[in-house]
Number of protein chains: 2
Amino acid sequence: MTSVTREQLTTGERGPLEEIEQALMQISWLAQRQFMQLLDDERFRLTLPQFYTLLHLYQSAAECKMSDLAEATQQSAASLTGVVDRLAEKQLAERKRHPSDRRQVMVVVTPRGCELIAEIKQARREQMQAALSHLVDQDVDLLLQLLDRVLLGMARVLERGESGRWA
Amino acid sequence: MTSVTREQLTTGERGPLEEIEQALMQISWLAQRQFMQLLDDERFRLTLPQFYTLLHLYQSAAECKMSDLAEATQQSAASLTGVVDRLAEKQLAERKRHPSDRRQVMVVVTPRGCELIAEIKQARREQMQAALSHLVDQDVDLLLQLLDRVLLGMARVLERGESGRWA
DNA sequence: TCGAGATTATCAACAACATTAAGTATATCA
DNA sequence: TGATATACTTAATGTTGTTGATAATCTCGA
């Protein structure tokens with residue numbers, strides 16, 4: 001547990017934790033912006049919510065309930081309806097009915113959707129490798145371990161945020 | 001020497017670089033989603049583009065040209081016009097004329113805007129500390145160094161992307 | 001000094017999302 | 001059966017992103 005000084009509470013602080021926070025947020029913003037432009041390529045023509053929604057379908061083996069998909073991708077149910085509409089129009093995903101509970105709508109990725117995701121991941125890998133090319137193997141392994149732990153922490157915060165709002 | 005299977009070459013590969021790429025993109029998406037919800041709090045009522053625009057004004061000491069602001073925040077000039085409109089309505093930023101070149105519009109953050117940014121940074125720090133609380137000091141320093149290098153690499157890719165599109 | 005061409009920012013029209021509240025269909029259970 | 005809960009969609013409004021056109025201003029050569 002890191003100790004917190006009074007200065008950190010009152011003024012601007014400049015502890016390493018805040019620097020990490022700033023670096024992470026800046027990376028997040030830039031990465032999403034870069035990726036948005038990549039997805040806008042005529043080969044793909046996807047938006048960020050469309051991509052992350054399709055990606056979750058691609059990664060989850062079986063079909064996926066709307067409400068689970070909304071929680072996994074951190075979108076509201078109302079937004080997701082429109083996103084899935086557009087994925088279905090493009091024939092990248094399909095809606096099905098749950099056999100026993102007809103209220104539920106199940107979504108699956110189509111073969112065409114799988115292909116597209118694979119192409120996008122390939123393009124993104126090239127883009128990212130350019131950004132990470134100056135890291136040596138040792139750094140890569142270390143960074144990966146640390147990022148996994150950050151991700152774990154963020155997921156945990158999100159879970160807690162479900163019911164009671166943090167902050 | 002680790003051997004490379006045929007699967008890694010043809011299908012999804014699973015090298016550490018790709019894992020970093022995936023972890024980074026997932027963190028970016030979640031971080032932006034979390035932060036979007038935080039900014040939606042009644043205390044702030046900002047959107048992500050509004051925040052990052054205001055943040056850049058806050059961090060750059062002097063007033064800022066529209067085109068420079070657009071490049072720094074990675075938004076199109078047309079989008080930025082609307083964003084600055086809304087910041088000005090909320091009295092968080094102001095437009096000025098460049099004295100000698102009257103085509104240019106200079107933007108500055110107001111004292112009210114500075115206060116708001118400070119409050120948001122404080123709230124975000126608390127949120128982020130919850131996510132990073134399980135990292136020990138040593139990890140924090142290491143992670144920071146690595147993130148800085150990632151950021152550097154991404155900025156460099158962005159610069160090159162100005163003229164010729166990557167990927 | 002005048003006018004052609006650049007530069008800078010804005011506008012207009014449209015699609016995609018986010019949010020909120022209301023609505024519809026289905027399930028559950030007393 | 002009827003009340004209530006659940007799962008999803010719809011509708012209304014605001015913000016952002018894209019593209020192409022427009023307006024204002026500057027620069028520079030004739």
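On a predicted model such as this, the values are computed, not experimentally measured, just so you know. Order of the sequence lines sets the chain letters (A, B, ...), proteins ahead of strands, with each chain counted from 1.
Look at CD on Gln104(B): it is 7 Å from C1' on dT8(C), rounded to the nearest Å. The CG-P distance, from Asp41(B) to dT19(C), rounds to 13 Å in whole Å. Taking atom CG on Leu39(A) and atom P on dA15(C), their separation rounds to 20 Å, with Å as the unit.
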- Under the salt bridge (charged side-chain N to carboxylate O under 4.0 Å, His left out) criterion, do Glu21(B) and Arg124(A) qualify, and how do the steps go? CA-CA 8 Å; Glu21(B) 171 231 310; Arg124(A) 189 178 69 177; 2.6 Å; yes
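Between Asp85(B) and Leu80(A), the residue anchored nearer the 5' end of DNA chain C, judged by the nucleotide with its closest heavy atom, is Asp85(B). Where Met36(A) and Ser67(A) meet DNA chain D, the nucleotide closest to each residue was compared, and Ser67(A) sits on the side nearer the 5' end.
A heavy atom lying under 4.0 Å from DNA chain D marks the following residues of residues 48-61 of chain B, by number: Pro49(B), Gln50(B).
Looking only at side-chain heavy atoms (C-beta outward), Met25(B) and Tyr52(A) come within less than 4.5 Å of each other. With a 4.5 Å cut-off on side-chain heavy atoms, Asp148(B) and Leu152(B) do not count as touching.
Arg125(B) and Gln122(B) form a side-chain donor-acceptor contact under 3.5 Å, judged by distance and modelled atom types alone.
Under the rule for a side-chain contact (heavy atoms from CB on, under 4.5 Å), the partners of Arg45(A) that lie at least two apart in sequence or sit in another chain are Asp40(A), Glu42(A). Partners of Arg102(A) by side chain to side chain donor-acceptor pair (under 3.5 Å), not counting sequence neighbours: none found. In terms of the side-chain contact (heavy atoms from CB on, under 4.5 Å) criterion, residue partners of Leu151(A) (sequence neighbours excluded) are, by chain and number, Gln26(B), Ile27(B), Leu30(B).
Taking CZ from Phe35(B) and CD1 from Ile120(B), the interatomic distance works out to 6.0 Å, rounded to the nearest 0.5 Å.
No donor-acceptor pair closer than 3.5 Å links the side chain of His56(A) to the backbone N or O of Ala72(A). In this structure, Arg33(A) contributes its side chain and Gln74(B) its backbone to a donor-acceptor pair below 3.5 Å.
If you walk DNA chain D from 5' to 3' and mark each nucleotide with an atom closer than 4.0 Å to a heavy atom of chain A, the marks span dT6(D) to dG17(D).
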- Scoring nucleotides 20-28 of chain C by protein non-hydrogen atoms under 4.0 Å (B base, S sugar-phosphate only, - none) yields B-----BS-
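The minimum heavy-atom distance linking Asp141(A) with Pro16(B) is given by the pair OD1-CB, 4.0 Å.
Within 4.0 Å (heavy atoms only), Arg86(A) reaches sugar-phosphate atoms of the nucleic acid but no base atom.
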